[in-house]
Amino acid sequence: MNIYTQCCGLIVLFILLVFDLKHKKVGLFSETVYLNIIFINVFSVIMGLLSVVALGNPDTFSQTAIMLLCKGHMVSIVAVGYTNTAYLISGIYSRAQFKDMLAKNLWLPAVETIAIIIAPIKYREAMGLTYASGLCSGFTFIATFGYVAVCIWLVIKWRRRFGKRRRDSVIGWMIILSVATLLEHIVGFLYCVDFACAIGMMLIYFTLENPESNMDKNFGCFNSHMISQYMNQLLHSNQTFCTIYLSMADAKTSDADDDYLNDKIRQIIDYVNEFSFAKVFKLVEQEFICIVPDEGKLQIVVSCLRNRFYYDQFSMFSDTVNTSAASLTPKSLIVMLTDSTVAEQADDILRVFQTLRESNRDNITSTRIRLCKSHFDELREKEQIIREIREALDKDRVEVFYQPIYSTKEKRFVSAEALARIRREDNSIVPPGKFIPIAEETGLILKLGERVFEKTCRFIKTGRPKELGIKYIEVNLSVIQCEQLDLASKYIRIMEENKVNPNFINLEITETATIQAKRKLQQNMKTLMDYGVEFSLDDFGNGHSNLDYVIDMPVDIVKLDMSLIQAYDNEKKAKAVVQAAVRMILDMELNALTEGVETKEQLDEMVRIGVDYIQGYYFSKPIPEDEFIEFLERHQGIAG
């Protein structure tokens, strides 16, 4: 019976060994450790099989040979327990830490081995079977259970680092080994620890170490599950490497379909896989990363790809893009990372890739970028600002600053622009130029804009602005806010809750990117205007032409961008543009407002050409609510 059990265990291990050696592996350290464990388990099972044969044939084997085989088997079981623990440690620590820890703790299996060799051995019979027992058997039992206990302790201590699948697999493995060890110690004649180890190896193989589960079968490369593990291993071991990030997600297609695109991608991957030093990983959609050891090999891969696919209709590696009909022109973003110290973990690199992809989306040709420290510094700064925005929203550290607006006709301050500010825990202010673009990019501008509007309405509700001659307050609307179908209903609800007269609100809009967004904005504007809210067109003259917006949108005020005013004194063309724009706005019976006025000369010139409202640092920078009240109390009614 024991012979059959040992043979079954040996067969299981040989099958696992064949499967493991047959498939392509990415080269993770844990894969190497697992392969070594299989070899040690094979050795243990062979030793167990030989000891069973020797015990069953005392006439053929001498007592010394039987003793050596039995004790050799016990030592191999201890080795299995030690390497099992080592496998767990390999998933927690880097390769250097792993080797250091093994070296420091090598004394433990050495002591256990010496104890087993020195301890007396006895032979007993039961159910017609002869088995080894005695003090050396007890040492083996204690050592095995000790390793099981250490493994369970490691899983509990590092449960977050292990992950649920790894944690569950290891616990199942330890339960199987524990039951088998206990059963063999109690029954004695039943050798089942080796078979249990083989079953445990099979469990770990199919749940954690199966190379098939790490492959993308559709494209014949490694999947996204492996890229983080592999990169982290390289980073933690301080190995430099280069990457080629290929994004086909933005491929332009005409008559060609997805099957054609995928077929060409497979050709590229198959070609790259021919390089023994290159590893290809699939990310999301049709994005791939190729990792090579150094820049020299990267240039080899890129050069070979260019030579192989340059004249192909699938011309992603050429310097020019074929835009003829029925052509595919995917772009390649080639990113080189040669200094692993600039990145702390793989997720940092992958997030930088995504950021670079978004920033290069409009490029029609392939782009090459060398990653440097600034890329990762920008990423960390962005993530820090995202945390600060969320924290400010959660802990009510969003403040509203007000910048006074001067009426040239009434010669006093009649309005103000409400501007979002975020205060840190140390009482410093996050520069709006840093957090506003990020808030718009991440969608946090929706909550931020709504919070600013709520606080502005509460300020108006106090009655102080009206008492000091303020007729209305301007509040910015981001493009994303304008696209929200429920924007009007939300803002009307806020105004009603605070009992704010809608005539006291002027919402600033900017040009939207799409026709659909423009239509949604017009729907919101109609609802709010019917309620009594007025609108301004912000940033006129900045970037895209807003002439169609001036015509199409029912705004009351057009705000000339501060860049025009700053160029007014120094550029003849800018002066002509500003004067023409002001005349056009006035001819359309709208009000003109200029931002960025900083000097008395600029103020006088804007008054001369007929500007209705003036805003800028000449009067005041954006200031907190209490300072704004004090400003009005000091300056209201004073002419420029």
Is the shortest heavy-atom distance from the side chain of [X] to the side chain of [Y] under 4.5 Å?
X	Y	result
V597	Y617	no
I460	I473	yes
L468	R412	no
E425	E391	yes
E605	Y568	yes
V414	I470	no
Q481	E440	no
F376	I349	yes

How long is the straight-line distance from [atom2] of [Y] back to [atom1] of [X], given to the nearest 0.5 Å?
X	Y	atom1	atom2	value
L507	M529	CG	CE	11.0 Å
D604	T408	CG	OG1	11.5 Å
T442	I386	OG1	CD1	5.5 Å
K382	I438	NZ	CD1	6.5 Å
I480	I445	CD1	CD1	7.5 Å
N476	S536	CG	OG	9.5 Å

What pair of heavy atoms forms the shortest contact from [X] to [Y], and how long is it?
X	Y	value
L393	R451	O-NH1, 3.1 Å
C457	M495	SG-CG, 4.1 Å
Q615	P404	CG-O, 3.9 Å
M231	A346	CB-CB, 3.5 Å
L560	A581	CD2-CB, 4.3 Å
F281	I291	CE1-CD1, 3.9 Å

Distance-only donor-acceptor check, side chains Q354 and R351, under 3.5 Å: no
Modelled atom types, side-chain donor and acceptor of D538 and T510, under 3.5 Å: no
Is the [X]-[Y] ring centre distance short of 6.0 angstrom?
X	Y	value
Y406	Y613	no
F401	F628	no
F631	Y402	no
F219	F288	yes
Y230	F222	no

Test salt bridge (Lys or Arg N to Asp or Glu O under 4.0 Å) applied to K434 and E381, step by step: CA-CA 9 Å; K434 287 189 174 182; E381 183 182 21; 2.9 Å; yes
Taking the side chain from [X] and the backbone from [Y], do they hold a donor-acceptor pair closer than 3.5 Å?
X	Y	result
T527	Q523	yes
N524	C482	yes
S428	R424	no
R421	R397	no
H375	C372	yes
Q602	T599	yes
D216	N218	yes
S407	F413	no

Residues N232, L235; criterion side chain to side chain contact (heavy atoms under 4.5 Å, CB included); working and verdict: CA-CA 5 Å; N232 280 329; L235 290 170; 4.3 Å; yes
Looking at [Y] and [X], is any side-chain nitrogen of the basic one under 4.0 Å from a carboxylate oxygen of the acidic one?
X	Y	answer
E483	R519	no
E474	K559	yes
R493	E450	yes
K447	E454	no
D486	K520	no
D394	R390	no
K409	D612	yes

From CA spacing to verdict: side chain to side chain contact (heavy atoms under 4.5 Å, CB included), I289, L283: CA-CA 7 Å; I289 289 179; L283 300 180; 3.5 Å; yes
Side chain to side chain contact (heavy atoms under 4.5 Å, CB included) between R458 and E497, intermediate numbers included: CA-CA 9 Å; R458 290 176 200 163; E497 287 176 354; over 6 Å; no
I565/E598 under side chain to side chain contact (heavy atoms under 4.5 Å, CB included): CA gap, chis, key distance, verdict: CA-CA 9 Å; I565 309 306; E598 298 180 353; over 6 Å; no
